[in-house]
A.B. asks: 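Here's a structure for you.
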Amino acid sequence: MVSLCLNSLPLPPSSCPQKLTETSSSFSNGSIGTALKPIVVNGNPPTFVSAPGRRIVAVGDLHGDLDQARYALELAGVLSSDGQDLWTGEDAVLVQLGDVLDRGDGEIAILSLLRSLDIQAKAKGGAVFQVNGNHETMNVEGDFRYVESGAFDECADFLEYLNDYEYDWNEAFVRWCGVSRIWKDERKMSRNHWGPWNLVKRQKGVIARSVLFRPGGPLACELARHAVALKVNDWIFCHGGLLPHHVAYGIEKMNKEVSQWMRGLIEEDTNRNMPFIATKGYDSVVWNRLYSRDISDLADYQINQAKTLQALGAKAMVVGHTPQFSGANCEYNCSIWRIDVGMSSGVLNSRPEVLEIRDDKARVIRSKRNRFSELQMVDYI
């Protein structure tokens with residue numbers, strides 16, 4: 001029996017910075033005479049974003065389905081449909097609400113695509129933001145219960161691919177989306193049906209995932225770039241939902257603590273666990289389903305969301321996490337938008353839907369008969 005350990009795979013050097021610092025950045029399209037002010041980002045990871053005059057589009061849970069992710073982004077008008085993965089959103093702002101990981105085999109490719117689009121968007125005066133969901137925090141914690149076999153294979157392929165790039169992380173990561181299909185096809189062609197060898201390959205995939213996602217690992221550091229709660233203009237974006245005690249604790253503080261944990265910057269001898277208020281418990285930011293369930297008595301929850309929004313000076317909150325069988329919708333006088341439609345083939349395989357926000361007015365864009373040339377738009381505000 002062949003045995004594997006962490007040292008049996010090459011360990012990439014950490015791409016994490018040694019410490020987190022407060023940041024404020026801005027970027028614009030550089031066009032002469034443009035009426036739009038630059039996008040201003042505060043916090044590390046980004047927490048408060050001022051994006052004057054921008055069209056905002058939000059996409060819910062993707063769960064490792066690269067094809068459905070592309071369909072959703074095309075539907076949102078931010079991704080080319082020619083297979084070149086080009087940003088077509090001009091100066092728009094895209095927000096992805098987490099749960100890119102688990103239940104599908106294209107997770108790293110989706111993360112790569114979003115990073116590539118962010119680079120392209122900034123050159124046009126736009127931006128791409130992600131918030132981490134419970135499946136991101138679970139994987140950094142080492143909880144692989146919902147990982148598909150093909151996702152373990154993608155991790156093994158990606159780690160080998162990094163070796164070919166001599167661990168030039170930024171270039172390798174951005175390019176992975178474009179080449180991942182080739183690696184996947186080659187793997188299928190060379191698949192060996194000899195049982196013991198497949199077991200060894202699976203062990204290799206599990207170890208590769210542990211190397212990539214453990215705190216301080218390359219993909220954990222990539223996730224650490226993103227918040228668990230983000231405010232863009234007057235809108236809050238998070239995976240599960242913010243409650244008053246989260247706001248009292250401080251969303252910038254929560255974001256920083258989760259990021260530090262993912263980067264492996266919390267010393268082991270401090271006896272500090274992963275940030276509980278944001279990542280653990282039924283009422284944590286990434287696990288909260290209180291706003292997403294259809295329940296008869298909404299009074300207490302309406303009070304919660306009203307207090308939360310008032311404390312943050314926000315008009316509405318957009319959440320994912322809980323699939324909406326009837327499609328994206330809003331509650332509490334449309335101050336809470338629920339946009340996880342279970343589009344991944346590993347969940348409901350439903351048709352993609354996205355939320356568009358213009359001038360503080362939101363509408364759901366959904367494909368009609370799965371043809372993106374005909375868009376059915378539903379206005380709620």
A.B. asks: Between Trp261 and Glu141, is there a side-chain donor-acceptor contact under 3.5 Å, judged purely by atom types and distance?
C.D. replies: no
A.B. asks: Between Leu243 and Asn288, is there a side-chain heavy-atom distance shorter than 4.5 Å?
C.D. replies: yes
A.B. asks: Could you tell me whether Glu107 and Arg209 make a salt bridge, using a distance below 4.0 angstrom between a side-chain N and a carboxylate O?
C.D. replies: yes
A.B. asks: Can you list every salt bridge (charged side-chain N to carboxylate O under 4.0 Å, His left out) pair that touches residues 62-71, not counting sequence neighbours?
C.D. replies: Asp67-Arg181, Arg70-Asp85
A.B. asks: Could you check whether the rings of Trp235 and Trp337 sit parallel, tilted or perpendicular, using 30° and 60° as the cut-offs?
C.D. replies: tilted
A.B. asks: Can we say Glu222 and Arg115 salt-bridge, meaning some charged N sits less than 4.0 Å from an Asp/Glu carboxylate O?
C.D. replies: yes
A.B. asks: Cut-off 3.5 Å, side chains only: do Asp340 and Thr322 have a donor facing an acceptor?
C.D. replies: no
A.B. asks: Under the side chain to side chain donor-acceptor pair (under 3.5 Å) test, which residues partner Gln96, sequence neighbours left out?
C.D. replies: none
A.B. asks: Check Asp143 with Arg145, please: is the shortest side-chain N to carboxylate O separation under 4.0 Å?
C.D. replies: yes
A.B. asks: Go through the steps for Glu154 and Lys184 under the test salt bridge (charged side-chain N to carboxylate O under 4.0 Å, His left out), then give the verdict.
C.D. replies: CA-CA 7 Å; Glu154 187 189 25; Lys184 185 176 182 180; over 6 Å; no
A.B. asks: Check this for me, if you would: do Arg103 and Glu148 make a salt bridge, where the nitrogen-to-carboxylate-oxygen distance has to be below 4.0 angstrom?
C.D. replies: no
A.B. asks: Give the minimum heavy-atom separation between Leu212 and Cys155, together with the two atoms involved.
C.D. replies: CD1-O, 3.7 Å
A.B. asks: Would you please indicate yes or no on a ring centroid separation below 6.0 angstrom for His135 and Tyr146?
C.D. replies: yes
A.B. asks: By the rule that ILVMFWY residues connect when side-chain heavy atoms come within less than 4.5 angstrom, directly or transitively, which residues belong alongside Leu348?
C.D. replies: Phe325, Val347
A.B. asks: Is a donor from one side chain sitting under 3.5 angstrom from an acceptor on the other, for Asn132 and His239?
C.D. replies: no
A.B. asks: May I ask you to decide if the ring planes of Tyr291 and Tyr332 are parallel, tilted or perpendicular, using 30° and 60° as cut-offs?
C.D. replies: perpendicular
A.B. asks: Considering residues at least two apart in sequence or located in another chain, which fulfil the side chain to side chain donor-acceptor pair (under 3.5 Å) criterion with Glu171?
C.D. replies: Arg175
A.B. asks: Of all heavy-atom pairs between Gly281 and Trp287, which one has the smallest distance, and what is that distance?
C.D. replies: O-CB, 3.2 Å
A.B. asks: In the structure I gave you, are the side-chain heavy atoms of Leu111 and Leu101 within less than 4.5 Å of one another anywhere?
C.D. replies: yes
A.B. asks: So, Ser335 versus Asn333: side-chain donor-acceptor pair below 3.5 Å or not?
C.D. replies: no
A.B. asks: Can you list the residues that meet the side chain to side chain donor-acceptor pair (under 3.5 Å) rule with His63, with sequence neighbours excluded?
C.D. replies: Asp99
A.B. asks: Hey, does the side chain of Ser116 reach the backbone of Ser112 with a donor-acceptor pair shorter than 3.5 angstrom?
C.D. replies: no
A.B. asks: If you link I, L, V, M, F, W and Y whenever their side-chain heavy atoms are under 4.5 Å apart, who else ends up in the same group as Ile119?
C.D. replies: Val174
A.B. asks: Considering only heavy atoms from C-beta outward, does the side chain of Val319 approach that of Ile339 to under 4.5 Å?
C.D. replies: no
A.B. asks: Check this for me: Asp82, atom CG, are more than 12 non-hydrogen atoms of other residues, nucleotides or ligands nearer than 6.0 Å?
C.D. replies: yes
